[in-house]
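Order of the sequence lines sets the chain letters (A, B, ...), proteins ahead of strands, with each chain counted from 1.
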Amino acid sequence: MTHGVDIASIPGAGTIPGTREGEPPVPGRLTPGDKIALYYYLCLARACDEAILKLYRQGKIVGGAYTGRGNEATAVGSAYALEKHDYLLPMHRDLGAHLVKGQSLRNIFLQQLGRAESLTRGRDGTGHYADPALRIYGNVSHLGSMIPVGVGIALAAAMRNENAVVLNYIGDGGSNVGDFHEGMNMAGVMKLPFVLILENNQYAYSTPVAKQTAAARFSDRAAGYGVPGITIDGTDVFTVYDTCRMAYDRARRGEGPTLIETVSMRMHGHSASDDASYVPPAQLEEWEKKDPIARCEDRLRREEILSDELKQEIHVRIETEIADASRYAEEAPHPEGSEGAKGVYAD
Amino acid sequence: MTHGVDIASIPGAGTIPGTREGEPPVPGRLTPGDKIALYYYLCLARACDEAILKLYRQGKIVGGAYTGRGNEATAVGSAYALEKHDYLLPMHRDLGAHLVKGQSLRNIFLQQLGRAESLTRGRDGTGHYADPALRIYGNVSHLGSMIPVGVGIALAAAMRNENAVVLNYIGDGGSNVGDFHEGMNMAGVMKLPFVLILENNQYAYSTPVAKQTAAARFSDRAAGYGVPGITIDGTDVFTVYDTCRMAYDRARRGEGPTLIETVSMRMHGHSASDDASYVPPAQLEEWEKKDPIARCEDRLRREEILSDELKQEIHVRIETEIADASRYAEEAPHPEGSEGAKGVYAD
Amino acid sequence: MAVTTYIEAISRGMREELERDPTVFLMGEDIGEYGGAFRATKGLQRDFGAQRVIDTPLSEAAIIGAAVGAAIVGMRPVVEMQFADFVTCGFNQLVTNAAKTHYRWGIPVPMVVRLPSGGYIHGGPYHSANPESWFFHVPGLKIVAPSTPVDARGLLKAAVRDNNPVLFLEYKYLYRRVKEDIPDGDGVVPIGRAAIRRQGKDITLISYGSVLTLALEVADQLARDEGIDAEVIDLRSLMPLDAEALLRSVRSTGKVLIVHEDNLTGGVGAEIAAMISEHAFQWLDAPVRRLGALDTPVPFAAPLEDHVLPDREKIAAALRELSSY
Amino acid sequence: MAVTTYIEAISRGMREELERDPTVFLMGEDIGEYGGAFRATKGLQRDFGAQRVIDTPLSEAAIIGAAVGAAIVGMRPVVEMQFADFVTCGFNQLVTNAAKTHYRWGIPVPMVVRLPSGGYIHGGPYHSANPESWFFHVPGLKIVAPSTPVDARGLLKAAVRDNNPVLFLEYKYLYRRVKEDIPDGDGVVPIGRAAIRRQGKDITLISYGSVLTLALEVADQLARDEGIDAEVIDLRSLMPLDAEALLRSVRSTGKVLIVHEDNLTGGVGAEIAAMISEHAFQWLDAPVRRLGALDTPVPFAAPLEDHVLPDREKIAAALRELSSY
Ligand SMILES: Cc1ncc(C[n+]2csc(CCOP(=O)(O)OP(=O)(O)O)c2C)c(N)n1
Ligand SMILES: Cc1ncc(C[n+]2csc(CCOP(=O)(O)OP(=O)(O)O)c2C)c(N)n1
Ligand SMILES: [Mg+2]
Ligand SMILES: [Mg+2]
């Protein structure tokens, strides 16, 4: 119990709020409860990533394992500023966004392990699922390909006056694919409620940003679509939250898309099988100082929202939740082979 | 004979110079001979367009007929600033560039009419030919698709230290295709000698620029690739020449690509079968005042380079040249059908 | 009922679906005020508004991708490629997103991509595409290819109502060349059912699209003049294929000629020939023959195009050869 | 000679061509210092410099398009798709530019696109592509699909020296699974020639790529255990196809099984079956059978993928069925 906040006091009968019905707080006005929630999700995303890595190392994950270490503030902050009826189209390092938008840990692990009751019934892995009830539409491997899809969802939302926003992400590498250009330009000219977060984490697989583009900042691309572009610190969850909230408001006012470049560092290899030996150690050390969780914790401590006790409580909770979900998924049955033949076409 | 210049005095034993060996004049230093040459090419391009339209109306052209009316200054000025060993990748309204780069009128008409001795032996029409001796590589219909190809040529030229520039064009419409983005970005990051002229002629078929993009200026897209971008008057052949010359110099110095937006008006319909009734007449009237030929003539008259006599001489010459070429092509044999089966693969 | 051209029938199909279902909308380049390069959407923006008949930037990947997005959240987009050729620019969106979404996510993707297809109009290598073979191989896509106005309207409507991505091949060559009375009523033509255009007992001639109309003429003429009595089947749907209708006819004729405009190697005809050769093995009195365009790009000049594409003479020659096998 | 894996053989082929011809260069994502996602280009940038082993931005269309551009002015680019799946993003450049340029312009387009293909590695719907069927249908492209280290090196070298765009299908499943001695010498394997991997008299089994290696195992086993003696032909080149070699074998066996990993409908097997059914009509003692993946995307979970892809059991069952036909 610190400064009037404890975990039990958080709205939602013991559950920590994520994306909510109605407007989230205006920039700069997050309640202590919100801040704890943000902290919780940052830690949860990282812990979940770690658990996935552990499964990978145990040989239980057959495909690749991609973590969001270093990117948690971007994923969590951006999703926390959404409303329940908004659409989320996350990329492969945005686990935090899935969780904030309401995805259960069990479904996350079921996807990783390709089990029969996973959201894709084992047909696809990782974040490549959709959950229409939560308005989450996952990614495909083909980088950039989901941008036009997100734009189409935004078009539908606008046609139906849903007052909803579509949030999509792309990497510094993926942003060089043609679909980025076509999608952003179409969203711009149609003034659609579409927000694209360009996660500049310094590397695309082994390729540093300097070999991807000569642009000084990726946000410089926004002007070419008549869209506001901004570059922000992607390791500070509060900056991300505030910026996104403003972009969503703008979108809801019918003023069109925003391109937000979040600058951070991919702290792990591209996937679990990549030791990232091409990254200079000094670069990682430098960025370690801007660890999203540590930065959030610092602030919460300074604001006397987070005590050792509460921190402990949160981490115990996370550990339990993850252990439960991961165990559940590991015990869940694999799909029947013959299921693979079904469902190519809708009726 | 006016102000020390007459058509016979132009270098090249009676032929009017186009793209030359070695450096063309520096910006602002065109000789009277150059200026007459520019005027000649502007008029030649238009007259050739008119002759093509006439053939079209006579039912002799089976595919579409696309003119560059209003775009002559861009096509001619940009090509005139090239050197002989530079590469030209023109688009469908750049007839003037073909001519300046040295293409014969006969080949132009042979292409239009799909004759056996055309550069594509009837396999493709219009400007869709290549003439490696002149370093002209024509377009394909798929807008944007030639940009990566031009970038690849620039890459080869750079690898071989040719000190050559690749000049490519794209329309306001075509620039929204993904290949524009991928190609420009790659050229930018590899600092290739690639210059892209974005011909903003207000319309893409029936679609006005305002429905193509929300960008204030297309040249705003350049920053997103770390490349200089500039918007210029595309109806003034001297402005186009000077700007291009500077961009080519920059490219030759190894400083990379430039994006030049030339603003003009498509004064005809999209093709000969389009009456362009969707264009407000007032818009056409306004732009008629900026007719590229009239503007050039004005200046040459002010500078006392062009007399009535010389003008007359030039136009007679053009008439003869076109009549000859068009007659030649009309009389040239059609390809044998069986030729169509050949040449899919190289040996 | 007024006599209706093929393109008017497509137009009418779109109009009727726009009227029937508020989730239907159109998207494409120049389709609004201008009515599209071939005027298939003429008048529709005026009557249904710019919200439902949407002019897009020149961006095929974004058009198809946006259609996928709108479809998965419950809309029914019908998009136009200005020419079928340009679908190559949106190819990835079709095969990566449109085709695989239902299998992966169980979410329907009800969208239609209209593809003005084919040659015989001297369009050259970039305005003569027959794109069916690429997509025929991709599980998750449906493909229809009407050859008559009644089918054009009826299959367009079926495509709009289908819960899967449907590629609608429409033939520029037929746009204003074929006309017929369109009866009143809904007129939906079910996807997946072939039509017998001519009964016959000697040879089963399987075709679709523009070249079907040529094949039918030739069949009539050869029946009249040479006593070769071909049964002409119009596939109408390529995916799913009406295999049963084909096999039924083959079992009675024992001989098969497949004719498509698309180039031969790896065309849809290959699958049909393989399927028939396998499943009607004991009924075949002659090898299954195929006629398609030569394996070249479609050239520009008329004599070259004529040489490359299938025509009446080549169809007649193939029928004669089979008949005397 | 040291024993070499399939991927080492590819690597070596590239190295030897880089050494031989200064116009050869490599381009792709992460191929430089990192050596590519599968390390096929490992060490090549170090040895040949960043001018000849070029890291590109993440842009498949630009990579393939730039290769076309460099090729038409006399270079010989070899580009890598990180996975064959992503060639869909550069599809338009391949079919619009690479394939049609020589026909239209008479200019050679000597380029190679390396495509790490196929499943059996639990890659799911987006890392298991067998892309051959799309391109098989496009005049102007060549396609090779080696199944052994010797062929991988030899066909890579032939592809580099060919004056046409060549798609080089390399199988991730085989990368480190198959090994053999590579003899000294140039070792170029001509494009367009199939290889008989196993002589046999009962059934002609035609295959290529990963699944060829499974088919060969099964054929050996069935010959040993059940007396079914299949002749196994490795196509090696899909385009051009070595039709004569196939027909020769069929004329002696009278029965054919075609096995490919790619999904069945509209696959390369359809053309082969159609071709054989037509041209070996009087020699066939049974219908030509085909085995391919089910017509679905390749699913992620192992039991699903196992069910969808061809495997030893399915191949054996098909051989038995044919043998007793
Ligand atoms: C179109 C496409 N090309 C290549 C790949 C292979 N690939 C997967 S992730 C990756 C790097 C992505 O970098 P970036 O977009 O910066 O995202 P990050 O992983 O750094 O978050 C590559 C090359 C792909 N998935 N899609
Ligand atoms: C990828 C692609 N999509 C559509 C078309 C059909 N098309 C041909 S020209 C044209 C308009 C082009 O406008 P713009 O690029 O501005 O060039 P302009 O004709 O105005 O010079 C369209 C839509 C095409 N050729 N390529
Ligand atoms: Mg990155
Ligand atoms: Mg334009």
Side-chain angles (χ1 to χ4, degrees), chain B residues 61-64 111-116 118 120-126 128 139-145 170-181 203-214 270-271 273-274 276-278 333-345, chain C residues 28-39 41 45 50 54-63 65 81-83 85-93 119-129 263 265 293-309 311 313:
Chain B
I61 288 181
V62 183
Q111 269 296 116
Q112 289 287 340
L113 297 173
R115 299 306 157 104
S118 73
T120 59
R121 296 144 298 138
R123 285 163 163 77
D124 205 343
T126 65
H128 293 202
N139 58 314
V140 295
S141 298
H142 294 57
L143 297 167
S145 295
I170 190 71
D172 46 285
S175 77
N176 303 302
V177 174
D179 280 10
F180 167 91
H181 180 70
Y203 281 85
Y205 208 152
S206 76
T207 307
V209 166
K211 284 189 179 172
Q212 288 288 349
T213 189
H270 170 63
S271 73
S273 64
D274 169 25
S277 55
Y278 47 82
H334 291 275
E336 282 298 319
S338 59
E339 277 298 304
K342 297 177 194 162
V344 174
Y345 290 91
Chain C
E29 296 158 13
D30 304 295
I31 68 163
E33 184 191 332
Y34 195 65
F38 297 101
R39 309 307 171 94
T41 56
Q45 189 179 69
I54 303 175
D55 283 312
T56 65
L58 205 159
S59 305
E60 281 75 13
I63 293 169
M81 298 283 100
Q82 202 157 83
F83 282 79
D85 305 70
F86 306 133
V87 77
T88 55
C89 300
F91 182 82
N92 173 59
Q93 284 295 338
Y120 301 112
I121 55 155
H122 309 303
Y126 298 116
H127 287 84
S128 308
N263 62 296
T265 300
L294 301 185
D295 286 315
T296 74
V298 179
F300 171 68
L304 302 177
E305 182 180 7
D306 292 350
H307 182 77
V308 162
L309 295 186
D311 61 15
E313 286 65 44

Proximity breakdown for C/A302 and chain B, heavy-atom pairs closer than 4.5 Å: neither
message: Testing the basics here: between B/H142 and C/C89, what is the closest heavy-atom pair and its distance to 0.1 Å?
response: CD2-SG, 4.0 Å
- prompt: Do you know which of B/V344, B/D124, B/V177 has the most heavy-atom pairs under 4.5 Å to chain C?
  reply: B/D124
query: Quick check, are the ring centers of C/Y126 and C/F300 under 6.0 angstrom apart?
result: no
task: Identify the two heavy atoms, one from B/S145 and one from B/D179, that lie closest to each other, and give their separation to 0.1 Å.
output: CA-OD2, 3.5 Å
- request: Examine distances only and state if a side-chain atom of B/Q112 and a backbone atom of B/T126 form a donor-acceptor pair shorter than 3.5 Å.
  value: no
task: Heavy atoms only, distances under 4.5 angstrom: which of C/E305, C/E29, C/H127, C/E60 has the most pairs with chain B? Name it, please.
output: C/H127
field: Options B/S277, B/G340, B/G114, B/S206, ranked by heavy-atom pairs under 4.5 Å with chain C, top entry
entry: B/S206
- prompt: Checking B/H128 against chain C: side chain, backbone, both or neither under 4.5 Å from a heavy atom?
  reply: side chain
query: Which heavy atom in C/L309 sits nearest to a heavy atom in C/A293, and how many Å separate them?
result: CD2-CB, 4.0 Å
statement: Cut-off 4.5 Å, heavy atoms of chain B, and the answer for C/D30 is both
message: Let's test your reading of the structure: which of C/P299, C/A62, C/P297 forms the most heavy-atom pairs below 4.5 Å with chain B?
response: C/P299
Whether B/Y278 side chain and B/Y205 backbone form a donor-acceptor pair below 3.5 Å: yes
field: Structural part of B/D172 lying under 4.5 Å from a heavy atom of chain C
entry: neither
query: Has the side chain of C/D55 got a donor or acceptor atom that lies under 3.5 Å from a matching backbone atom of C/G32?
result: yes
- prompt: Where does B/R115 contact chain C at under 4.5 Å (heavy atoms): side chain, backbone, both or neither?
  reply: neither
